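For the numbers below, each heavy atom of this structure counts, side chains included, while hydrogens, waters and symmetry mates do not. From a predicted model like this one, the values you see are computed outputs, not experimental measurements.
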Amino acid sequence: MGFTDLFANQRLLLMEGALGERLKREYGLTTKGIADMASLVYLPEGRDALRAIWGEYIQVARTYGLPFIATTPTRRANRDRIPAAGLDEHVFEDNVRFLAEIRDQSGIEMYAGGMMGSVGNAYTAEGCLSSYQAVADFHRWEAGVFSAAGADFLFAGLIPTLPEALGIAIAMAETPCPYLISLTIQGDGCLMDGTPIDTAIAQVDAMVERRPECFMTNCVHPSIVSQALAQPFNQTERVRKRFKGLQANTSALPYCELDNSPTLRTSPPDELAAGMLRLRKENGFQVFGGCCGTDARHMEAMARALVHS
């Protein structure tokens with residue numbers, strides 16, 4: 001089955017759990033510079049750690065018979081940042097090939113995606129571009145590199161403003177790859193620039209000839225997502241049909257308190273799973289994964305709750 005068919009057939013999908021926090025706290029792996037985790041593919045210890053963490057999530061997907069999707073750890077790497085880190089476009093290609101190798105060895109239905117991020121700060125919108133044309137121009141090259149490297153899909157992670165969402169969608173839609181747009185949202189039901197979720201979906205879908213497979217969010221607690229979707233302006237058929245997933249943070253604290261926090265804020269696996277199941281039942285969510293604070297225990301509890309509900 002192709003990636004697009006997963007959404008056409010409304011399949012329940014397991015997405016990966018946390019990578020960055022686990023690489024740092026469990027494996028002692030840190031990287032210098034804004035390119036962040038992208039360079040770990042060049043370190044034996046980095047490859048071993050990534051393989052081990054993805055392997056745990058793959059095992060959960062195998063146990064519960066779920067398709068599994070994972071993305072390259074490249075959100076903070078882009079056209080401007082990789083030269084400053086002593087890297088070039090091959091870092092995107094090499095990350096896709098490494099993840100595709102894990103996919104091919106997994107023995108399950110798995111899809112390897114290329115992750116892209118916002119130009120500015122994903123949590124505050126500081127430094128984001130105000131022109132969607134400028135955002136599209138910025139991201140075209142990277143989207144093309146990911147596509148040429150053989151990514152199964154493209155993933156825009158933590159997109160905090162409407163111009164950023166429009167521009168990155170345009171760049172992704174110009175490739176042959178299916179793609180997902182994950183928005184940075186708050187409990188008020190809006191992106192960081194005050195754009196309602198419903199408005200963002202409507203404008204992105206109207207702007208591109210080939211729409212995202214779905215919209216979703218990440219690095220936010222299920223309770224905040226439920227609050228955001230309960231806002232009257234998001235109680236629309238469009239949101240119900242097009243906003244379909246979450247990579248959950250285990251803490252309900254706001255972004256400003258969680259970003260670069262020296263302490264990992266987490267919650268029990270069953271508690272997080274209950275919040276995800278609520279999103280499945282009340283909002284028809286399809287894509288379920290983890291972000292900061294999650295590990296294989298959270299993913300197992302989540303998968304178990306969803307499959308046996």
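- Checked against side chain to side chain contact (heavy atoms under 4.5 Å, CB included), Asp48 has no partners two or more places apart in sequence or in another chain.
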Go through the steps to decide whether Ser251 and Asn249 satisfy the test side-chain hydrogen bond (donor to acceptor under 3.5 Å, both in side chains), and finish with yes or no. CA-CA 6 Å; Ser251 173; Asn249 194 310; 4.9 Å; no
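- Judged as a side chain to side chain donor-acceptor pair (under 3.5 Å), and not counting sequence neighbours, Arg210 has no contacts.
- From Ile224, atom CD1 reaches atom CG of Leu246 across 10.0 Å, with rounding to the nearest 0.5 Å.
- You'll find the side chain of Met207 reaches within 4.5 Å of the side chain of Tyr132, heavy atoms only.
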For a side-chain hydrogen bond (donor to acceptor under 3.5 Å, both in side chains) check, start with the C-alpha distance between Gln59 and Thr63, then their side-chain angles and the critical distance, and finish with the verdict. CA-CA 6 Å; Gln59 182 55 49; Thr63 299; 3.2 Å; yes
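- Asp295 meets the side chain to side chain donor-acceptor pair (under 3.5 Å) test with Arg297, His298; sequence neighbours excluded.
- Nearest heavy atom pair, residue Thr184 against residue Ala122, reads OG1-O, 3.0 Å.
- The ring-ring contact (aromatic ring centres under 6.0 Å, His included) contacts involving residues 143-173 comprise Phe3-Phe153, Phe92-Phe146, where partners must be two or more places apart or lie in separate chains.
- Once rounded to the nearest 0.5 Å, the distance linking CZ of Phe68 with CH2 of Trp54 reads 8.5 Å.
- Every salt bridge (charged side-chain N to carboxylate O under 4.0 Å, His left out) that Asp137 has, sequence neighbours left out, goes to Arg140.
- Within the model, atoms OH of Tyr111 and CD1 of Ile69 stand 10.0 Å from one another, a figure rounded to the nearest 0.5 Å.
- Rounding to the nearest 0.5 Å gives a distance of 5.0 Å between OG of Ser309 and CG of Leu277.
- Applying the side chain to side chain contact (heavy atoms under 4.5 Å, CB included) test to Ala18 and every residue at least two apart in sequence or in another chain returns Arg22, Tyr57, Thr294.
- Among residues two or more places apart in sequence or in another chain, the salt bridge (charged side-chain N to carboxylate O under 4.0 Å, His left out) test is passed with Arg238 by Asp198.
- Within the hydrophobic cluster formed by Ile, Leu, Val, Met, Phe, Trp and Tyr side chains joined at under 4.5 Å, directly or through other members, Phe233 stands alone, with no partner residue.
- The structure places CZ of Arg242 at 5.0 Å from CZ of Phe215, a figure rounded to the nearest 0.5 Å.
- Salt-bridge check for Lys241 with Asp205: failed, with every basic side-chain N at 4.0 Å or more from each acidic carboxylate O.
- Partners of Ser147 under the side chain to side chain donor-acceptor pair (under 3.5 Å) rule, at least two apart in sequence or in another chain, do not exist in this structure.
- A donor-acceptor distance shorter than 3.5 angstrom exists from the side chain of Gln231 to the backbone of Gly187, with no hydrogens or angles considered.
- For the pairing with Ile201, the side-chain contact (heavy atoms from CB on, under 4.5 Å) check across Val204, Ile197, Thr199 returns one residue only, Ile197.
- Between Glu109 and Arg11 there is a salt bridge, since a side-chain N of the basic residue sits under 4.0 Å from a carboxylate O of the acidic one.
- Annotation: side chain to side chain donor-acceptor pair (under 3.5 Å) contacts of Arg278 (sequence neighbours excluded): Glu282.
- The structure places SG of Cys128 at 8.0 Å from CD1 of Ile159, a figure rounded to the nearest 0.5 Å.
- Under the 3.5 Å distance criterion, with hydrogens and angles disregarded, a donor-acceptor pair is assigned to the side chains of Asn218 and Ser182.
- Contact check for Val208 versus Glu174: no side-chain heavy atoms found under the 4.5 Å cut-off.
- Partners of Ala230 by side chain to side chain contact (heavy atoms under 4.5 Å, CB included), not counting sequence neighbours: none found.
- Residues passing the salt bridge (charged side-chain N to carboxylate O under 4.0 Å, His left out) test with Glu89, sequence neighbours excluded: none.
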